[in-house]
J.: 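Structure incoming, see below.
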Amino acid sequence: MEFGLVLQTDPPASAVIELMRRAERGGFTYGWTFDSAVLWQEPFVIYSQILAQTERLIVGPMVTNPGTRTWEVTASTFATLNSMFGDRTVCGIGRGDSAMRVAGRRPNTLAVVEEAMHVIRELAEGRAAEVDGTSIRIPWVQEGARLPVWMAAYGPKALALTGAKADGFILQLADVYLTEWMVKAVRDAAAAAGRDPADVTICVAAPAYVTADDSPEALAHARDQCRWFGGMVGNHVADLVSRYGESSSLVPVELTTYIKARQGYDYAHHGRSGNPDTAFVPDEIVDRFCLIGPAEAHLDKLAALRALGVDQFAVYAMHDAKETTIDAYGKTIIPALTG
């Protein structure tokens, strides 16, 4: 199992870069950031500095989308970073949530995501692709260049597309039951498309908060610091409920029922601890979707996820214990799970 660190690109960028450096020293191999141009600073500019100040870390967005940048610009940006630093990027992509909605746009359709994944990968790896009816190719991309494209998904059609077309699957929650259900859906789709299911990298991403002990006070504080995540996931779940209903064989009720009390969402607080729009998220969901508690509790849950075929766990560090959680993973958790 590999490990990634996920951050928002809040200013100052130097703090983001230093946390990524700290993570690499601790054994993390991936550095991810949010990508929402209005809410946070431009990630691709910061990636250049992260890559320059680390040796092995692979960086990318969790996740970008097909709507806020033209596809040839996205491909050229990734290809430039790879040319400068040696194929150390990964393109996480999805329909778009905060980046699209803050700008008054709707998330992209899956058909658009599918086409964008193909075009971005082809162009970034030096092949020709059609953009708006015109065949183009980036001539300076070196032969053998590589850009893995990983797709974020929850719903049945998105999971099927991920299995059929993506190099990796990003699941933004760490519930063991839901992970098993969704990984199976992706692998079944890969097999149906004639692919080896093992070729699809599985990445689970969720907040992790390492506490000193398992006292009620420590766990309550950790839950409050991570409750925002249930609200973020709830945005996607609300879309699924509107499409498939609350009770559907296509979407597990273990994912949908908790948003009954959801009343609205202000993206001004998106992805932040203390988000007032996530008070509806119960402790049970925080415990299921996140990793909280002493290091031993993290090890137990991560071992269960690894047994389901999870290749990477990416730590969302949007709380008041970024450094201590990174260090606890580097000292105890990563060595135990990577050998």
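Reckoned from all heavy atoms, side chains included, excluding hydrogens, waters and symmetry mates.
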J.: May I have all residue pairs that pass side-chain hydrogen bond (donor to acceptor under 3.5 Å, both in side chains) and include part of residues 81-99, sequence neighbours excluded?
T.: S36-S98, T54-R88, N82-T89, D97-R101, D97-N235, D97-Y267
J.: List the residues meeting salt bridge (Lys or Arg N to Asp or Glu O under 4.0 Å) with D283, not counting sequence neighbours, and say none if there are none.
T.: R227
J.: For T338, what residues pass the side chain to side chain donor-acceptor pair (under 3.5 Å) criterion, not counting sequence neighbours?
T.: none
J.: Per the side-chain hydrogen bond (donor to acceptor under 3.5 Å, both in side chains) rule, what does the pair list look like for residues 175-190, sequence neighbours excluded?
T.: D175-R288, K184-D188
J.: Applying ring pair (Phe, Tyr, Trp, His ring centres under 6.0 Å), which residue pairs with at least one partner in residues 72-117 are found, sequence neighbours left out?
T.: F44-F78
J.: Could you note down all residue pairs passing ring pair (Phe, Tyr, Trp, His ring centres under 6.0 Å) where residues 121-174 supplies at least one of them, sequence neighbours left out?
T.: Y30-W150, W32-W150, Y154-H236
J.: Using the side chain to side chain donor-acceptor pair (under 3.5 Å) criterion, which residues pair with W40? Sequence neighbours excluded.
T.: D10
J.: With sequence neighbours left out, which residue pairs that include part of residues 117-126 fulfil the side-chain hydrogen bond (donor to acceptor under 3.5 Å, both in side chains) condition?
T.: R121-D167, E122-R127, E125-R127, E125-R146
J.: Got a sec, which pairs hit salt bridge (Lys or Arg N to Asp or Glu O under 4.0 Å) with one end in residues 308-331, sequence neighbours left out?
T.: R22-D327
J.: Considering only residues two or more places apart or on different chains, which pairs with a residue in residues 202-212 satisfy salt bridge (Lys or Arg N to Asp or Glu O under 4.0 Å)?
T.: none
J.: So H270 and W228, do their side chains get closer than 4.5 Å, heavy atoms only?
T.: no
J.: Can you list the residues that meet the salt bridge (Lys or Arg N to Asp or Glu O under 4.0 Å) rule with R223, with sequence neighbours excluded?
T.: D287
J.: Tell me which pairs pass salt bridge (Lys or Arg N to Asp or Glu O under 4.0 Å) where either residue lies in residues 36-50, with sequence neighbours left out.
T.: E42-R69
